[in-house]
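Heads up, the thing below is written out as structure tokens.
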Amino acid sequence: MSYTFAPPAVVSVPVVGRADSFPVHRIYCVGRNYEEHAKEMGFTGREPPFFFLKPADAIVVAEAGQTATIPYPSLTGNLHHEIELVVAIGRGGRNIKAADAASHIYGYAVGLDMTRRDLQNDMKKQGRPWCIGKAFDQSAPIGPITPAAEAGDIATAAIWVQVNGADRQRSNVSKLIWNIAETIEHLSAAWELQPGDLIYTGTPEGVAAVVSGDTMSGGVEGLTGITVHVA
Ligand code: MN
């Protein structure tokens, strides 16, 4: 097989304690999956989960103990952080039942669903797709993946992000409206999951803007944290 140009490199995420890197297939994201965040966005109550995607090459790897850098993106004056637990799928499938979901999970990581909030809000008002607000270049920082068996009790883990050392978001994974297993059940009814899929499971309350020069430090209890600087 020859190609018209060199195909892009495989996007991958390092795995804690392993030499092998996790190759990324797709990035799925869950919208409004913590009640207090749904409220701050002007919504209430439990609605069926909904999903959007980011391109795999939106990944920016934040290596353990290092500071990754993202550019301040174009077209926005309101770049928001959304700290999220990321689920890495190791075994694919469709119509996966919540009770079977754990066997499809490879591991977990800490991620940031960076959002051009002004553009997303414009698109919402006009009933247009969110892509320009969510799926832009370098919009998906992520830390190393911890294999599930080594991640502790992720379902009750604390989740937080600080900006320049001050708390912005602090909650607990137990407050997910749709838990990890339920999310996989819903998602796999809509798409056939593949090994390499990442699921950004949603963000708790406290989303807010960052500006050039800010540094975000995020974590989920039991996982390797991430530090990301906005250039
Ligand atoms: Mn999000």
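Just the heavy atoms: all of them, side chains too, but no hydrogens, waters or symmetry mates, feed the values below. Whatever order the structure lists ligands and atoms in, that order sets their numbers, starting from 1.
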Kindly write out the residues that satisfy salt bridge (Lys or Arg N to Asp or Glu O under 4.0 Å) with E182, not counting sequence neighbours, or none if the list is empty. none
Taking salt bridge (Lys or Arg N to Asp or Glu O under 4.0 Å) as the definition, give me every residue that meets it alongside D20, ordered by chain and number, with sequence neighbours left out. none
Protein N/O/S atoms closer than 2.8 Å to the Mn ion (ligand 1): E82 OE1, E84 OE2, D113 OD2
According to side chain to side chain donor-acceptor pair (under 3.5 Å), who are the partners of N78, at least two apart in sequence or on a separate chain? H80
Lys/Arg N to Asp/Glu carboxylate O, R32 vs E40, below 4.0 Å: no
Salt bridge check: are R170 and D167 linked by an N-O gap of less than 4.0 Å? yes
Strictly by modelled atom types, are Q169 and T203 linked by a side-chain donor-acceptor pair under 3.5 Å? yes
